[in-house]
Novice: 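I have a structure here, written as structure tokens, and I will follow up with some questions on it.
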Amino acid sequence: LSGIAIFNKFKMVDKISIEEARTLSFLRGIKGQGIIGYETKKNGEPVDKGSVRVQNSRKVKVTRRDNRYFFDITIRLKGSLVECTQHCNFLQDPEKLKEIEDQVASTVTRDAYRFIEKMQNQYGFDCLDLNRYALAKWRGELEDTIDDPRFIKSATIRVKVKVKIQ
């Protein structure tokens with residue numbers, strides 16, 4: 001498996017890598033499990049590398065100010081440590097565990113914003129299935145304009161990632 005295809009209705013728009021597909025599934029809210037790598041640093045030098053196995057969930061909140069739409073996506077990742085290069089007894093060092101959670105959240109957030117930028121500027125359509133949240137609130141006003149590429153391009157999409165490693 002080398003990636004997945006992105007379709008706008010029945011037309012293939014792009015083929016994306018496995019890494020981008022993972023980001024897409026997080027943003028789209030497709031429940032699943034995956035392994036995410038991390039690297040913690042101290043003074044710019046790598047201290048620990050490893051990976052965590054996570055399950056994801058997503059919540060979306062949509063608001064409107066004037067004619068601007070704001071989508072707030074909260075991605076929750078819950079999982080466990082799979083491997084690490086340093087001592088892995090994190091139950092006695094919650095600070096180290098918090099550092100790993102922050103690193104994973106930072107990585108997923110960075111990847112999410114990259115994908116959103118690509119979706120808005122290159123694809124020009126909603127491949128995250130966010131439009132349905134706006135339609136649920138303002139169907140009468142948006143029914144004719146929701147598929148216009150300008151709608152998703154002008155929307156502000158914010159992402160917050162919460163990670164909990166047990």
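Just so it is clear, the values below take in all heavy atoms, side chains as well, and ignore hydrogens, waters and symmetry mates.
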Novice: Within the side chain of D126, is there an N or O that forms a donor-acceptor pair under 3.5 Å with the backbone of L128?
Specialist: yes
Novice: Which value, rounded to the nearest 0.5 Å, describes the distance between I30 atom CD1 and D129 atom CG?
Specialist: 9.0 Å
Novice: Any idea which heavy atoms bring V159 and T109 closest together, and the distance?
Specialist: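 For V159 versus T109, the nearest heavy atoms are O-CG2, 4.5 Å.
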Novice: Are side-chain N/O atoms of Q103 and T40 paired as donor and acceptor at under 3.5 Å?
Specialist: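 No.
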Novice: For the residue pair F125 and V13, establish whether any side-chain heavy-atom pair is separated by less than 4.5 Å.
Specialist: yes
Novice: Would you say that I157 contacts I73 through its side chain, given a criterion of any heavy-atom pair below 4.5 Å between the two side chains?
Specialist: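 The answer is yes, as the side chains (C-beta and beyond) meet within the 4.5 Å cut-off.
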Novice: Under 4.5 Å between any side-chain heavy atoms of V108 and I36, yes or no?
Specialist: yes
Novice: Given side chains that start at C-beta, do those of R110 and R114 come closer than 4.5 Å, heavy atoms only?
Specialist: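 A side-chain contact under 4.5 Å exists here.
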Novice: Measuring from atom CZ of F115 to atom CZ of R22, what distance do you get when rounded to the nearest 0.5 angstrom?
Specialist: 13.0 Å
Novice: What closest approach, in Å, do K31 and S57 show between heavy atoms, and which atom pair accounts for it?
Specialist: NZ-CB, 3.7 Å
Novice: Treating Ile, Leu, Val, Met, Phe, Trp and Tyr as nodes and any side-chain heavy-atom pair under 4.5 angstrom as an edge, say whether L77 and Y113 lie in one connected cluster.
Specialist: yes
Novice: Taking only residues two or more places apart in sequence or in another chain, which ones pass ring-ring contact (aromatic ring centres under 6.0 Å, His included) with Y69?
Specialist: W138, F151
Novice: Which heavy atom of I35 sits nearest to which heavy atom of S51, and what is that distance?
Specialist: CG2-CB, 3.5 Å
Novice: Near K118 NZ, under 6.0 Å, is it more than 12 heavy atoms from other residues, nucleotides or ligands?
Specialist: yes
Novice: With a 3.5 Å cut-off and no angle check, do the side chains of Y123 and D14 form a donor-acceptor pair?
Specialist: yes
Novice: Using 0.5 Å steps for rounding, measure from the CG atom of D148 to the CG atom of L142.
Specialist: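 Reported to 0.5 Å precision, the distance equals 11.0 Å.
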Novice: Taking atom CZ of R150 as the centre, report whether more than 12 heavy atoms of other residues, nucleotides or ligands fall under 6.0 Å from it.
Specialist: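 Count not over threshold, so no.
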Novice: Please report the closest heavy-atom contact between A134 and I146, naming both atoms and the distance.
Specialist: CB-CD1, 4.4 Å
Novice: Evaluate the side-chain contact (heavy atoms from CB on, under 4.5 Å) criterion for residues V47 and K96: first the C-alpha distance (whole Å), next the side-chain angles of each, then the deciding distance (0.1 Å), finally the verdict.
Specialist: CA-CA 11 Å; V47 177; K96 181 73 171 162; 4.2 Å; yes
Novice: For the SG atom of C127 and the CD1 atom of I6, what is their distance to the nearest 0.5 Å?
Specialist: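 Here the interatomic distance stands at 5.0 Å.
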Novice: Can you tell me if N67 has over 12 outside heavy atoms packed within less than 6.0 Å of its CG?
Specialist: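 For N67, atom CG is not crowded (no more than 12 foreign heavy atoms under 6.0 Å).
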Novice: When you measure from the side chain of R68 to the backbone of S154, do you find a donor-acceptor pair of N or O atoms at a distance under 3.5 Å?
Specialist: yes
Novice: Counting N and O atoms only, with roles assigned by atom type, does the side chain of S106 sit under 3.5 Å from a partner on the main chain of D102, one being a donor and the other an acceptor?
Specialist: no
Novice: Could you walk me through whether K9 and D147 pass the side-chain contact (heavy atoms from CB on, under 4.5 Å) test, one step at a time?
Specialist: CA-CA 11 Å; K9 308 233 189 265; D147 287 332; 3.9 Å; yes
Novice: Just wondering, do K78 and Q166 contact through their side chains at under 4.5 Å, heavy atoms?
Specialist: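 Result yes, sub-4.5 Å side-chain heavy-atom pair found.
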Novice: When you measure from the side chain of D72 to the backbone N and O of R158, does any donor-acceptor pair fall under 3.5 Å?
Specialist: no
Novice: Is R65 positioned over the aromatic face of F70, cation under 6.0 angstrom from the ring centre and no more than 45 degrees off axis?
Specialist: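 R65 over F70 ring: yes.
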Novice: Apply side-chain contact (heavy atoms from CB on, under 4.5 Å) to the pair I165 and I100, showing each step before the final yes or no.
Specialist: CA-CA 8 Å; I165 300 173; I100 293 171; 3.6 Å; yes
Novice: Just checking, is any N or O donor in the side chain of R58 or T74 under 3.5 Å from an acceptor N or O on the other one?
Specialist: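 No, no side-chain donor-acceptor contact under 3.5 Å.
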Novice: Once you round to the nearest 0.5 Å, how far does NZ of K49 lie from CD of E39?
Specialist: 4.5 Å
Novice: Would a 4.5 Å heavy-atom cut-off, applied to side chains only, mark E141 and R64 as touching?
Specialist: yes
Novice: Supply the atom-to-atom distance E20 CD to K15 NZ, rounded to the nearest 0.5 angstrom.
Specialist: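 NZ of K15 is found 11.5 Å from CD of E20.
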Novice: What I'd like to find out is whether the side chain of I152 reaches to under 4.5 Å of the side chain of M119, using heavy atoms alone.
Specialist: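 They are in side-chain contact.
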Novice: Counting C-beta onward and ignoring hydrogens, is there a side-chain heavy-atom pair between Y38 and D48 closer than 4.5 Å?
Specialist: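 In contact.
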Novice: Using the side-chain contact (heavy atoms from CB on, under 4.5 Å) rule, take L27 and L130 through it: C-alpha gap first, then chi angles, then the decisive distance, then the call.
Specialist: CA-CA 9 Å; L27 287 167; L130 298 175; over 6 Å; no
Novice: Backbone N or O of L135 within a donor-acceptor pair of the E143 side chain at under 3.5 Å?
Specialist: no
